[in-house]
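See below for the structure under consideration.
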Amino acid sequence: MSAATYDQVRHVIPEVEWALFEPEIEAIQRLKREQDAVILAHNYMTPEVFHGVADIVGDSLALAREAQHVEAGTIVLAGVHFMAETAKLLNPGKRVLLPDLRSGCSLAESITPDDIAALRRAHPGVPVVTYVNTSAAVKAASDICCTSGNAVEVIESLGTQKVIMIPDQYLARNIAARTGVEVITHPGACEVHERFSPKDIDDIRDGHPGVTVIAHPECPPEVVAVSDFAGSTAQMIDFVTERKPLKVALITECSMSDNVAADHPDVEFVRPCNLCPHMKRNTLTAIRRALETGRNEITVDPALEVPARRAIERMLAVKTRPEAKDHS
Ligand code: 13P
Ligand code: SF4
C-alpha cells in the first residue's frame with residue numbers, strides 16, 4: 001500500500017488502525033484487478049474505504065451517473081441497497097455486488113407501490129417524483145426519480161404547478177421552499193437526519209463562534225432554516241472545497257466529516273455525529289468477502305426493470321452539473 005494513501009488519511013486514521021486496514025486494502029486491490037471490478041463508494045463510507053479502496057466516490061446522483069459509464073464487468077457498490085439496485089438497473093448485463101445485503105434505508109422502507117397508487121387516486125394527473133432512496137418497485141410506479149442534488153431541476157423540468165414528491169417529507173418541504181411548485185408529501189424520514197434539531201445548531205454555534213453550518217436537505221426544514229447552506233453530500237463537499245471556511249460543521253452522517261477533513265487539513269471540522277447503521281455495514285472485510293465469494297449479487301425483478309430504469313434515466317436526462325470524483 002502506498003505511503004501516499006496513508007499520508008492522505010493520517011490525520012483521520014491513527015497509524016495503529018491503519019496497520020490493521022492495510023492487508024485488507026491490499027487484498028481488495030488485488031481482487032479488483034483479478035475480477036475486473038470497480039468500487040463505487042458513497043460519500044458516507046469510512047475513510048479507509050473512501051480513500052483506501054474506492055475507484056469512484058460521490059453522492060447518489062454521481063454514483064448513478066458513473067454507473068452508466070462503468071466498463072468493468074463487476075461493480076461493488078459500497079453504499080446501501082437502493083444504490084446497488086440503481087447501478088444494476090443501469091447495467092443489466094453486469095454483476096453488481098453489495099457488501100452486505102442488510103444495508104437498507106429508512107426512507108426506502110417507508111413507502112410501497114400501493115402508497116403511490118393511493119396518492120395518485122387522491123391527486124389525479126399529478127406527476128410522482130420519487131427520491132432515489134426507494135426500491136425498484138416504487139421507482140417503477142413513479143414518473144421520474146430525483147436526488148437531493150437535482151430535485152429542484154427535476155421538479156422544474158416537469159412544468160406542472162403541483163407534484164407528488166415521495167417519500168422524504170423533509171426533503172420535499174426543503175425543495176418546495178426553493179421552487180414555485182406545490183409539493184404533496186409522504187410521511188417518510190431518514191432515521192439519521194431527522195434526529196438533528198435547531199437546538200443542535202444553536203449549541204454548535206454557541207460552542208464554536210464563527211462556524212459555518214452546512215446541512216443535508218433530509219434534515220427537518222427548521223434545521224435547514226438555521227444553517228448557512230443546504231445541499232446533497234457532493235454539494236456539501238463542493239461548498240467546503242470552493243469556500244474554504246475556517247471552521248465548518250457538516251450536519252449529516254459522521255463519516256462525511258472524516259473524508260472531507262482528509263482532503264482539507266486546513267479546515268477545522270466540528271463533528272456533530274449521527275451514524276447511518278446501514279452505510280456502516282460496508283466494512284473492508286465485507287467488501288473483500290463480497291469480491292472473494294461473489295455473494296450478495298443484486299438482481300431486479302424483470303417485470304420492474306423497464307419502468308424503474310425509465311424513471312431513473314428520465315432523471316439523468318435532466319441537466320445539472322457533474323458531481324463525481326475519480327479516486328483511481
Ligand atoms: P446524497 O445523494 O446527498 O449523497 O444522499 C444520500 C443519502 O442517503 C443521504 O442520507
Ligand atoms: Fe437512508 Fe438516511 Fe442512511 Fe441515507 S443516511 S442511507 S437516507 S437511512
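- Remark: the backbone N or O of Asp266 is not paired with any side-chain donor or acceptor of His264 at under 3.5 angstrom.
- Within 6.0 Å of the CZ atom in Arg243, the count of heavy atoms belonging to other residues, nucleotides or ligands does not exceed 12.
- Applying side-chain hydrogen bond (donor to acceptor under 3.5 Å, both in side chains) to Asn274 and the options Arg195, His193, Glu191 leaves one that passes, Arg195.
- Grouping the Ile, Leu, Val, Met, Phe, Trp and Tyr side chains by contacts below 4.5 angstrom, directly or via other members, places Ile251 apart from Tyr44.
- In this structure a side-chain-to-backbone donor-acceptor pair under 3.5 Å is present from His51 to Asn259.
- Listed for the Gln235 side chain is a donor-acceptor partner under 3.5 Å among the backbone atoms of Gly149.
- A donor-acceptor pair is defined here as one N or O able to donate and one able to accept, closer than 3.5 Å; no such pair exists between the side chain of Asp200 and the backbone of Pro272.
- Screening Arg120, Arg314, Arg310 against Asp143 for a side-chain hydrogen bond (donor to acceptor under 3.5 Å, both in side chains) leaves a single residue, Arg120.
- Nearest heavy-atom pair across Ala84 and Ile298 is CB-CG1, 3.6 Å.
- Leu291 has its side chain within reach of Val76: a pair of non-hydrogen atoms, C-beta onward, lies under 4.5 Å apart.
- The main-chain N or O of Ala37 is never found under 3.5 Å from a side-chain atom of Gln35 such that the two would form a donor-acceptor pair.
- Put simply, the side chain of Val128 does not reach to within 4.5 Å of the side chain of Leu119, judged on heavy atoms.
- Interatomic distance, CG of Leu63 versus OG1 of Thr147, reported as 10.0 Å (0.5 Å rounding).
- A salt bridge (charged side-chain N to carboxylate O under 4.0 Å, His left out) check over residues 212-235, counting only residues at least two apart or in different chains, returns the pairs Arg173-Glu222, Arg205-Asp228.
- Once rounded to the nearest 0.5 Å, the distance linking CE of Met236 with CG of Asp238 reads 11.5 Å.
- Between Arg271 and Asp258, at least one side-chain N (NZ, or NE/NH1/NH2) sits under 4.0 Å from a carboxylate O, which counts as a salt bridge.
- Using modelled atom types, no side-chain atom of Asn133 and backbone atom of Ala108 make a donor-acceptor pair closer than 3.5 Å.
- Residues His81 and Ser135 are not in side-chain contact: their nearest non-hydrogen atoms beyond the backbone lie 4.5 Å or more apart.
- Residue Met45 holds its CE atom at 10.0 Å from OG1 of Thr283, rounded to the nearest 0.5 Å.
- Put simply, the side chain of Ser106 gets close to the backbone of Ala189: a donor and an acceptor are under 3.5 Å apart.
- Separating the OG atom in Ser103 from the NE2 atom in His42 is a distance of 13.0 Å, to the nearest 0.5 Å.
- Side-chain atoms of Tyr131 and Pro167, non-hydrogen and from C-beta on, do get closer than 4.5 Å to each other.
- When every heavy atom of Val183 is checked against every heavy atom of Ala172, the shortest pair comes out as CG1-CB, 3.9 Å.
- Within a 6.0 Å sphere centred on CD of Gln161, other residues, nucleotides and ligands contribute 12 heavy atoms or fewer.
- Salt bridge present: Lys280 and Glu253 bring a charged side-chain N and a carboxylate O closer than 4.0 Å.
- Follow the hydrophobic side-chain contacts under 4.5 Å out from Ile25 and you reach Leu97 in the same cluster.
- Side-chain contact between Leu284 and Phe21 is present, with heavy atoms from C-beta onward closer than 4.5 Å.
- No side-chain heavy atom of Val224 sits less than 4.5 Å from a side-chain heavy atom of His216.
- The hydrophobic clustering, which links ILVMFWY residues whose side-chain heavy atoms are closer than 4.5 Å, places Leu107 and Val192 apart.
- Contact annotation: the side chain of Glu305 approaches that of Pro92 to within less than 4.5 Å [non-hydrogen atoms, C-beta and beyond].
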Between Ile312 and Lys139, does the side-chain contact (heavy atoms from CB on, under 4.5 Å) criterion hold? Intermediate values first, please. CA-CA 8 Å; Ile312 297 167; Lys139 289 184 175 78; 3.9 Å; yes
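- Ser232 approaches Asp59 most closely through the heavy-atom pair OG-OD2, 2.8 Å.
- Sorted by first and then second residue, the salt bridge (charged side-chain N to carboxylate O under 4.0 Å, His left out) pairs with a member in residues 159-171 form an empty list; sequence neighbours excluded.
- Side-chain polar atoms of Thr74 and Arg95 form a donor-acceptor pair below 3.5 angstrom.
- Between Ile237 and Leu250, the closest side-chain pair of non-hydrogen atoms is not below 4.5 Å.
- What you find for Val132 and Phe82 is that their closest heavy atoms are O-CD1, 2.9 Å.
- With hydrogens and angles ignored, the 3.5 Å screen pairs a side-chain donor or acceptor of Lys94 with a backbone N or O of Ala72.
- A distance of 10.5 Å separates CG of Asn174 from OG of Ser148, quoted to the nearest 0.5 Å.
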Derivation and outcome, side-chain contact (heavy atoms from CB on, under 4.5 Å), residues Thr320 and Arg65: CA-CA 11 Å; Thr320 47; Arg65 278 200 182 125; 2.3 Å; yes
Steps toward side-chain contact (heavy atoms from CB on, under 4.5 Å) verdict (Val9, Glu48): CA-CA 8 Å; Val9 292; Glu48 67 280 8; over 6 Å; no
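- The existence of a salt bridge linking Asp202 and Lys199 is excluded, since no basic side-chain nitrogen approaches an acidic carboxylate oxygen closer than 4.0 Å.
- The pair Glu292-Arg288 meets the salt-bridge criterion, with a side-chain N (NZ, NE, NH1 or NH2) lying under 4.0 Å from an Asp/Glu carboxylate O.
- Taking hydrophobic clusters as Ile, Leu, Val, Met, Phe, Trp and Tyr residues chained together by side-chain heavy-atom distances below 4.5 Å, Val213 does not share a cluster with Phe269.
- Side chain of Tyr6 to main chain of Glu15: a donor-acceptor pair is present (N/O by atom type, distance under 3.5 Å, no hydrogens or angles).
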Is there a side chain to side chain donor-acceptor pair (under 3.5 Å) between Asp115 and Thr112 once you walk through the steps? CA-CA 5 Å; Asp115 294 323; Thr112 66; 3.2 Å; yes
Give the C-alpha distance, both sets of side-chain angles, the deciding distance and a yes or no for side-chain contact (heavy atoms from CB on, under 4.5 Å) between Val300 and Leu89. CA-CA 7 Å; Val300 179; Leu89 284 162; 3.8 Å; yes
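- Distance CG/Asn150 to CD/Glu156: 11.5 Å, rounded to 0.5 Å.
- Of all heavy-atom pairs spanning Ile287 and Ile39, the tightest one is CG2-CD1, 3.8 Å.
- Nearest heavy-atom pair, Val154 versus Val318, reported as atom, atom and distance to 0.1 Å: N-CG1, 4.1 Å.
- The salt bridge (charged side-chain N to carboxylate O under 4.0 Å, His left out) check on Lys244 picks up nothing, with sequence neighbours excluded.
- Looking at Ser142, its side chain does come within 3.5 Å of a backbone N or O of Val138 through a donor-acceptor pair.
- Note on Arg30 versus Glu26: no salt bridge recorded, every NZ/NE/NH1/NH2 to OD/OE distance being 4.0 Å or above.
- Using a 4.5 Å cut-off between side-chain heavy atoms of Ile, Leu, Val, Met, Phe, Trp and Tyr, with links allowed through other members, Phe239 and Ile201 fall into different hydrophobic clusters.
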